[in-house]
Asker: 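Structure provided below as structure tokens; questions to follow.
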Amino acid sequence: MQRNNFGGNIRVHPQSMYTPASEQEVLEILDRHHGQRIRCVGRLHSWSRAVECNDVLLDLRRLNQVDPIADGESLLASAGAGCQIKHLLSELERLRNWTLPSLGLITEQTVAGAVSTGTHGSGKNSMSQYVVSVRIAHYDSASGKATVTEISSGDALRAARCSLGCLGVILSVKMKCRPCYNVEEAFHEHERLADVIAAEDRYPLQQFFLVPWRWTYMSQYRRETERPASKTAWLYHWYRYLTIDISMLLAILLIVRVLGIDAVIRFMFRRIIPAFVIRDWHVVSSSSSQLVMEHEQFRHIELEVFVQKSDLESAMSFVRQTLCIAAGTDNAIDESYREQLVSVGLETQLNEVSGIYCHHFPICIRKVLQDDTLISMASPAESESQEDSAQAWYAITFTCYSGSRDQAAFHKLGSFLTHSMAALFAARPHWGKLGYLQPDKLRALYPQFEVFQECCQTFDPDGLFQNDWTSELLRNNR
Ligand SMILES: Cc1cc2nc3c(=O)[nH]c(=O)nc-3n(C[C@H](O)[C@H](O)[C@H](O)COP(=O)(O)OP(=O)(O)OC[C@H]3O[C@@H](n4cnc5c(N)ncnc54)[C@H](O)[C@@H]3O)c2cc1C
């Protein structure tokens with residue numbers, strides 16, 4: 001019995017696997033397997049070790065009911081843990097003309113999977129922030145029998161909003177919703193990061209891309225609007241799908257996997273790809289079509305790190321210099337860059353990545369507002385959370401389309417970037433994407449990690465809902 005994750009970098013081979021159809025069935029499975037380690041998966045769209053499982057695996061895809069609830073002023077929806085985001089969106093729209101306040105780039109994930117790793121889009125909080133309660137199956141500490149607890153307040157809720165599967169089996173999630181709305185979108189190219197950030201006031205939902213080898217920023221300007229959908233929205237979506245989601249990727253796959261010529265990659269990003277991006281075509285369409293792209297068409301691996309706004313400018317120049325060194329195009333290393341590496345004792349590690357890898361995909365940057373959670377990547381950097389939008393985080397994504405046999409160079413570079421950026425900018429790796437940091441370094445990035453550990457201890461004192469990776473992460477080295 002074996003299942004692979006989306007990226008093909010993790011193989012899950014449990015001894016037993018179940019797809020229960022009711023909460024009662026989940027409880028029976030837990031009682032039957034008491035003493036063994038139990039983990040859940042959603043759609044295995046994570047690249048991280050959070051999905052590993054060797055013993056008992058639960059896939060809750062059959063728990064996918066959607067119940068919209070109007071509670072006074074609040075619009076809420078209860079969704080089964082295994083409900084895919086795309087199903088939740090279509091049901092909310094069909095039943096009430098509602099939608100979700102925040103979405104990632106794709107909608108293949110399950111509700112439980114998406115919130116468990118702090119899945120996010122741009123310009124809003126991560127999806128975890130909108131969770132108001134979570135039903136969890138775990139073992140009762142007195143009787144040892146499987147039981148259900150609904151978590152709806154305090155530190156337990158803040159832990160359950162992004163829990164890496166460590167509290168127990170999530171059965172359903174209640175989330176805030178909102179009426180459907182439209183988003184205006186247009187592409188715009190900037191030379192300087194400062195100009196991209198300045199556009200945030202007008203386009204608070206924007207995401208942007210550092211175009212490698214051209215070193216400009218391509219912004220996807222986005223803002224909520226009262227205007228009706230444009231007549232050309234269908235044409236725009238076809239254009240975006242065919243040029244960005246399909247043609248650009250086919251060209252990258254051809255060059256990276258078949259030709260393998262770095263100079264062609266660099267030429268393509270300098271001259272060809274930008275020529276296909278139509279600038280300043282402002283199109284209005286529903287949020288669920290504008291904010292979502294078809295990024296799951298081709299298998300790939302991803303690394304993502306979160307830095308605070310105050311570090312973004314330095315982090316991006318660090319990224320640019322690192323990518324040039326990794327591709328062997330920049331032999332004259334900037335003195336301030338070298339000093340940065342010396343200050344964190346990583347100068348010699350730079351030699352190991354020099355000239356090994358030519359990056360071949362735009363680096364996506366998304367703003368994520370500070371979450372009220374314990375360990376989502378956008379959780380507060382200080383132990384005292386402040387309600388301040390200046391506390392926003394920026395997620396920087398590195399995507400690799402090399403074939404699985406040629407990914408070693410990307411992993412080396414990814415490890416270097418993760419370690420150096422954690423040391424220099426306290427950069428936090430996405431819990432659902434490639435992770436290279438040791439548990440102690442990860443814990444140190446989250447001032448409320450100890451509170452998270454305590455919550456896990458309360459719900460799972462014997463560590464039965466852990467895999468090897470989360471066990472090491474939760475080990476209490478205080
Ligand atoms: C093409 C692609 C695009 C992506 N785009 C984005 C993006 O735009 N933004 C972003 O932030 N992330 C993005 N991701 C990452 C993705 O959103 C997360 O990794 C997410 O966790 C995957 O959800 P899943 O349902 O596949 O869960 P899985 O990957 O299967 O599981 C994730 C975690 O959730 C736990 N879990 C799942 N179900 C349960 C349950 N019922 N009870 C307890 N724990 C459970 C698992 O144990 C695991 O720890 C992307 C991934 C891919 C492949």
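As the structure lists them, so they are numbered: ligands from 1, and atoms in each ligand from 1.
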Asker: If we only count N/O pairs under 3.5 Å, is H45 in contact with ligand 1?
Answerer: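 So ligand 1 has an N or O lying under 3.5 Å from an N or O of H45.
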Asker: Is any NZ, NE, NH1 or NH2 atom of the basic residue among R178 and E224 found under 4.0 Å from an Asp or Glu carboxylate oxygen of the other?
Answerer: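 Looking at R178 and E224, the cut-off is met.
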Asker: So that I can tick it off, tell me whether R158 and D371 are bridged by a salt bridge, with the cut-off set at under 4.0 angstrom between side-chain N and carboxylate O.
Answerer: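 No, this pair does not count.
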Asker: Using distance alone, decide if ligand 1 has a nitrogen or oxygen within less than 3.5 Å of any nitrogen or oxygen in G42.
Answerer: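 Yes; the residue has a nitrogen or oxygen that sits under 3.5 Å from a nitrogen or oxygen of the ligand.
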Asker: Do E472 and R475 meet the salt-bridge criterion of a basic N to acidic O distance under 4.0 Å?
Answerer: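 Salt bridge: no.
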Asker: Measuring from non-hydrogen atoms of W47 to any atom of ligand 1, is the shortest distance under 4.0 Å?
Answerer: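 Yes, W47 has a heavy atom closer than 4.0 Å to ligand 1.
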Asker: When the aromatic ring centroids of H411 and Y357 are compared, is their separation below 6.0 Å?
Answerer: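 Centroid separation for H411 and Y357: 6.0 Å or greater.
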Asker: State if K433 counts as touching ligand 1 under the rule of any non-hydrogen atom under 4.0 Å.
Answerer: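 K433 counts as a contact of ligand 1 under the 4.0 Å cut-off.
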Asker: Quick check: Q109 and ligand 1, any N/O pair under 3.5 Å apart?
Answerer: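 Such a contact does occur with ligand 1.
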Asker: Which ligand 1 atoms does A81 reach within 4.0 Å, using its non-hydrogen atoms?
Answerer: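 Near A81, the atoms of ligand 1 are 41 (N).
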Asker: Should the proximity of H430 to ligand 1, defined as any heavy atom under 4.0 Å, be assigned to the side chain, the backbone, both, or neither?
Answerer: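 Contact part for H430 vs ligand 1: side chain (C-beta onward).
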Asker: Any nitrogen or oxygen of E302, main chain or side chain, under 3.5 Å from a nitrogen or oxygen of ligand 1?
Answerer: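 No; the residue has no nitrogen or oxygen that sits under 3.5 Å from a nitrogen or oxygen of the ligand.
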Asker: Kindly indicate whether the side chain of L105, heavy atoms from C-beta on, has any atom under 4.5 Å from the side chain of Q207.
Answerer: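 Result yes, sub-4.5 Å side-chain heavy-atom pair found.
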Asker: Answer yes or no: does an N/O atom from G113 fall short of 3.5 Å to an N/O atom of ligand 1?
Answerer: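 Yes, since at least one N or O of G113 sits under 3.5 Å from an N or O of ligand 1.
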Asker: Taking the six-membered ring for Trp, are F209 and Y217 closer than 6.0 Å centroid to centroid?
Answerer: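 F209 vs Y217: aromatic centres not under 6.0 Å.
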Asker: Would you say L44 and ligand 1 have an N/O pair spaced under 3.5 Å apart?
Answerer: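 Yes.
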Asker: So is I170 polar-close to ligand 1, meaning N/O to N/O under 3.5 Å?
Answerer: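 Yes - when backbone and side-chain N and O of I170 are compared with those of ligand 1, one distance drops under 3.5 Å.
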Asker: Do me a favour and list the nearest non-hydrogen protein atom to atom 48 (C) of ligand 1 with residue, atom name and distance?
Answerer: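 Nearest neighbour among protein heavy atoms for atom 48 (C) of ligand 1, to 0.1 Å: A50 O, 3.7 Å.
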Asker: Using a heavy-atom cut-off of under 4.0 Å, does the side chain or the backbone of C40 touch ligand 1, or both, or neither?
Answerer: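 Near ligand 1, C40 shows its backbone as well as its side chain.
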Asker: Salt-bridge test for R43 and E108: reply yes if a basic N is under 4.0 Å from a carboxylate O, no otherwise.
Answerer: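 No, this pair does not count.
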Asker: Given side chains that start at C-beta, do those of R3 and V41 come closer than 4.5 Å, heavy atoms only?
Answerer: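 Side chain of R3 against side chain of V41, heavy atoms only: contact under 4.5 Å found.
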Asker: How does T117 reach ligand 1, if at all, at less than 4.0 Å between non-hydrogen atoms: by side chain, backbone, both, or neither?
Answerer: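 Side chain only.
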Asker: Using a 4.0 Å cutoff against the non-hydrogen atoms of L105, which atoms of ligand 1 qualify?
Answerer: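 Result: 7 (C), 8 (O).
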Asker: One thing to verify: whether R443 and D440 come together as a salt bridge, which I'm taking to mean a side-chain N less than 4.0 angstrom from a carboxylate O.
Answerer: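 No salt bridge links D440 with R443.
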Asker: Between D460 and R37, does any side-chain N to carboxylate O distance fall below 4.0 Å?
Answerer: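 Here D460 does not pair with R37 in a salt bridge, since their nearest N and O are not under 4.0 Å apart.
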Asker: Within less than 4.0 angstrom of ligand 1, does G121 place any heavy atom?
Answerer: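 Contact absent.
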Asker: Are the side chains of Y221 and E185 in touch, meaning some heavy atoms are under 4.5 Å apart?
Answerer: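 Sidechains of E185 and Y221: no contact.
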Asker: Output yes when the distance from some N or O of ligand 1 to some N or O of H295 is under 3.5 Å, and no in every other case.
Answerer: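 Such a contact does not occur with ligand 1.
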